[in-house]
Amino acid sequence: MAKEITTRVNDYSQWYNDLVIKGGLADYSSVRGCMVIKPYGYAIWENMQAALDKMFKETGHVNAYFPLFIPKSFLSKEAAHVEGFAKECAVVTHYRLKNAPDGSGVIVDPDAKLEEELIVRPTSETIIWNSYKNWIQSYRDLPLLINQWANVVRWEMRTRLFLRTAEFLWQEGHTAHATAQEAIEETEKMLDVYATFAEDYLALPVIRGKKTANERFAGALDTYCIEAMMQDGQALQAGTSHFLGQNFAKAFDVQFLNKEGKQEFVWATSWGVSTRLIGALIMAHSDDDGLVLPPKLAPLQVVIVPIAKPGEELNKIYERVAPAIKELKAKGISVKFDDDDTKRPGFKFAEYELKGVPVRLAMGMRDYDNGTVEVARRDTKEKSVQQFEGIAAYIENLLNDIQQNIYNKAKSFRDNNIREANSWSEFQQLIEQPGFISAHWDGSPETEEKIKELTKATIRCIPLNNKQEDGVCVLSGKPSKERVIFARAY
RNA sequence: CGGGGUGUAGCGCAGUCCGGUUAGCGUACCUGGUUUGGGACCAGGUGGUCGCAAGUUCGAAUCUUGCCACCCCGACCA
């Protein structure tokens, strides 16, 4: 084994780091808290972007781009917003460097201090709403449905590759509407887009829900989320969609003239997913041999490994597989014929397993003579010998199978690890096991806070379309109408 | 910011306690050859300001002092 991967039972965090680094997704950088996304990891992000962007466009959104820098005064216009982000903002104070007098390098030029300091965006509500003020006058300008793909910076104290870094890539949608009802519908619609994306592409089952007041986005009236369960039983917030009410419209004085000729503040939403989804992908599906990528997002879906001496044997095999490669590509399936003769087949097998390539074909002279090919699927690690004739159609089906199987596996894992707690002692016992807890809660922030202090578990969400049932709060014993999801979270 | 730990070749480490030839091992990398159905083998080779700075000493990876960086745990969080 050239690349040792820590096993999950041994050290789950280290296993995760090993996959990210050894799988070639990302690298540590020399900048504290920041990572380098390597080509293979970035290719996954590009696939996510392509699928999401299409879904955004289909729901009527357009892309735009707003500045990286936000004047400090903008951030403080919405009280709750600044409160939530102030502690993690990077600030630009100067605009020039100069040579140090002692020749030791460059220093910040003290004469180049900015009149007003700039914040590197932790999110873009303020800079965007400052523009929206100029763009919206009438109900005819609404709704305004804009998304941007961007980087943001949040100066986190502790970072983890993909899951939490100081700088990360994401998309943020910012919409403006004439009525509260319409904005709420938008918020829900985009949550649904995220949930569909997570389930169809990431093969990740998610719980759609609402955040409690404690967990709400800074400046929102309501935060909706999708929550996923990782293999260690911890929760990961995979996407959020916020109903912002009129908070930002009021902070930036964005009013429109309605049909009755009356001025009204507009209603807002914002929603986002980030490169964190790559972390979710890894922690949800991968195993001790490496990444397991869902076919729909895998940068490479099929690899063909010839087992042959360079020269005549290799040529024969290539000639045999070439038409199939063409056929696969015509079906939109990415495929690579790995004829690198400096690496042996066994090495390649291990390497492509590490990288999570969903399907691997191997053909040696024995298969060549028999008219067969060995097919190995990454998700189950099953190998079978198939007739080469008609292999493209077989692979197309297999990829769909794999996508579905990965989802089913994650779903049954999740469903098997959601447990109901009906008393405080039961809760305390269950929280020490991996998984989510479904329990009654009295609805008060104080109780939620207390539970967090005692167990490190937070309320991940109040599921949408939640079953209404009478019960009593696990901690306070006060009456409750529905269960909420508790878990330890990333 | 508090507690703990680590800095020696791209990566992983030994050597440091008890100072002493030319700083070593595994892996990776390069060259040549033999190989190829699960991480090949043989031979040869490249690569080091021992985190930085000062000090002690005939002599420092090793001892002293100061500084820096990173990791882990906690407070904060998509």
Asker: Please give the distance between the C1' atoms of B/G7 and B/G51 as a whole number of Å.
Answerer: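 Looking at atom C1' only, B/G7 and B/G51 are 6 Å apart.
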Asker: Please work out if A/Thr240 contacts a base, only the sugar-phosphate, or nothing of the nucleic acid, heavy-atom cut-off 4.0 Å.
Answerer: nothing
Asker: Distance between the P atoms of B/A43 and B/G59, in whole angstroms?
Answerer: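 Roughly 42 Å separates the two P atoms.
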Asker: Taking only the side-chain heavy atoms of A/Phe349 (C-beta and beyond), determine which of B/C76, B/A78, B/G38 contains the nearest atom.
Answerer: B/G38
Asker: Ignoring the backbone of A/Glu351, work out which of B/G37, B/G39, B/G38 is nearest its side chain.
Answerer: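 So the side chain of A/Glu351 is nearest to B/G39.
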Asker: Taking pairing as Watson-Crick or G-U wobble with both contacts under 3.5 Å, can you name the mate of B/U21, or confirm there isn't one?
Answerer: none
Asker: Let me know which of A/His174, A/Gln171, A/Glu186 forms a side-chain hydrogen bond (donor to acceptor under 3.5 Å, both in side chains) with A/His61.
Answerer: A/Glu186
Asker: Between A/Arg160 and A/Ala489, which is nearer to the 5' end of RNA chain B once each is assigned its nearest nucleotide?
Answerer: A/Arg160
Asker: Rounded off to whole Å, could you give me the CG-to-P distance for the A/Leu354 and B/G38 pair?
Answerer: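 It is 19 Å, rounded to the nearest whole Å.
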Asker: For A/Asp341 and B/U36, what is the distance between atoms CG and P respectively, to the nearest whole Å?
Answerer: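 Answer to the nearest Å: 13 Å.
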Asker: Sticking with atom P, work out how far B/A75 lies from B/G15, rounded to a whole angstrom.
Answerer: 35 Å
Asker: Output the rounded distance in Å from CG (A/Asp27) to C1' (B/C70).
Answerer: 14 Å
Asker: How are the rings of A/His242 and A/Phe217 set to each other: parallel, tilted or perpendicular (split at 30° and 60°)?
Answerer: parallel
Asker: Whole Å only: how far is the CZ atom of A/Arg344 from the P atom of B/U34?
Answerer: 15 Å
Asker: How many Å lie between NZ on A/Lys22 and C1' on B/A28, as a whole number?
Answerer: 13 Å
Asker: When you match A/Ser274 and A/Tyr28 each to their closest nucleotide on RNA chain B, which lands nearer the 5' end?
Answerer: A/Tyr28
Asker: A/Arg154 side chain: which of B/G39, B/U36, B/A78 is closest?
Answerer: B/A78
Asker: Side chain of A/Pro310, heavy atoms from C-beta onward: which of B/C76, B/U36, B/A78 has the nearest atom to it?
Answerer: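 From the listed options, B/U36 comes nearest.
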Asker: Which part of the nucleic acid does A/Gln237 contact within heavy-atom distance under 4.0 Å: base, sugar-phosphate only, or nothing?
Answerer: sugar-phosphate
Asker: To the side chain of A/Phe347, which of B/G39, B/A78, B/U36 is closest?
Answerer: B/G39
Asker: Output the single nucleotide from B/G39, B/A78, B/G37 whose closest atom is nearest the side chain of A/Ala350.
Answerer: B/G39
Asker: Take A/Phe56 and A/Trp271, measure what ring-ring contact (aromatic ring centres under 6.0 Å, His included) needs, and give me the verdict at the end.
Answerer: CA-CA 11 Å; A/Phe56 297 157; A/Trp271 28 274; 5.2 Å; yes
Asker: Quick one, A/Val335 and A/Val303 - any side-chain contact, counting heavy atoms below 4.5 Å?
Answerer: no
Asker: When the C1' atoms of B/U64 and B/G19 are considered, how many whole Å apart are they?
Answerer: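 So the two C1' atoms sit 13 Å from each other.
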Asker: Can you name the residues that form a salt bridge (Lys or Arg N to Asp or Glu O under 4.0 Å) with A/Lys383, not counting sequence neighbours?
Answerer: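 Here no residue qualifies.
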Asker: Paired with B/A75: which nucleotide, if any, by Watson-Crick or G-U wobble criteria at under 3.5 Å for both distances?
Answerer: none
Asker: In whole Å, I'd like the distance from the OH atom of A/Tyr16 to the C1' atom of B/C72.
Answerer: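 It works out to 17 Å between those atoms.
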Asker: Are any of the side-chain nitrogens in A/Glu353 or A/Lys381 under 4.0 Å away from the carboxylate oxygens of its partner?
Answerer: yes
Asker: Counting distance alone, no hydrogens or angles: does the base of B/G38 have a donor or acceptor under 3.5 Å from a partner atom on the side chain of A/Lys383?
Answerer: yes
Asker: Return no unless some side-chain N or O of A/Lys309 is found under 4.0 Å from OP1 or OP2 of B/U36.
Answerer: yes
Asker: Which one, B/G39, B/A78, B/C76, comes nearest to the side chain of A/Glu88?
Answerer: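 Selected nucleotide: B/C76.
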Asker: Looking only at atom P, what distance separates B/U49 and B/G5, rounded to whole Å?
Answerer: 28 Å
Asker: Could you tell me which nucleotide pairs with B/U27 by Watson-Crick or G-U wobble geometry, both distances under 3.5 Å, or answer none if nothing does?
Answerer: B/G10
Asker: Is any side-chain N or O of A/Arg360 under 3.5 Å from a base N or O of B/G38, one able to act as donor and the other as acceptor?
Answerer: yes
Asker: So for atom NZ, which belongs to A/Lys77, do other residues, nucleotides or ligands contribute more than 12 heavy atoms lying within a distance under 6.0 Å?
Answerer: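 Yes, enclosed.
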Asker: Write down the distance between NZ (A/Lys452) and C1' (B/G74), rounded to a whole number of angstrom.
Answerer: 13 Å
Asker: What is the base-pairing partner of B/U35, counting Watson-Crick and G-U wobble geometry with both distances under 3.5 Å?
Answerer: none
Asker: From CG of A/Asp338 over to P of B/G38, roughly how many Å is that when rounded to an integer?
Answerer: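 Taking atom P of B/G38 as the reference, CG of A/Asp338 is at 16 Å.
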Asker: Could you tell me how far B/U36 sits from B/C41 if I compare only their C1' atoms? Round to whole Å.
Answerer: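 Nearest-Å result for B/C41 against B/U36 at atom C1': 12 Å.
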Asker: Considering every strand and a 4.0 Å limit on heavy-atom distances, what is the contact class for A/Leu236: base, sugar-phosphate, or nothing?
Answerer: nothing
Asker: Please enumerate all residues that pass ring-ring contact (aromatic ring centres under 6.0 Å, His included) together with A/His285, with sequence neighbours excluded.
Answerer: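 Per chain and number, A/His285 pairs via ring-ring contact (aromatic ring centres under 6.0 Å, His included) with no residue.
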Asker: For A/Thr223, answer base if it contacts any base atom (sugar-phosphate contacts may also be present), sugar-phosphate if it contacts only those atoms, and nothing otherwise; contact means non-hydrogen atoms under 4.0 Å.
Answerer: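 No contact at all - A/Thr223 keeps every heavy atom at 4.0 Å or more from the nucleic acid.
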Asker: Expressed as a whole number of Å, how far does the P atom of B/G38 sit from that of B/G45?
Answerer: 33 Å
Asker: Distance check, P atoms only: B/G47 and B/G39, in whole angstrom units.
Answerer: 32 Å
Asker: Describe the nucleic acid contact of A/Tyr490 in one word from base, sugar-phosphate, nothing, applying a heavy-atom distance below 4.0 Å.
Answerer: nothing
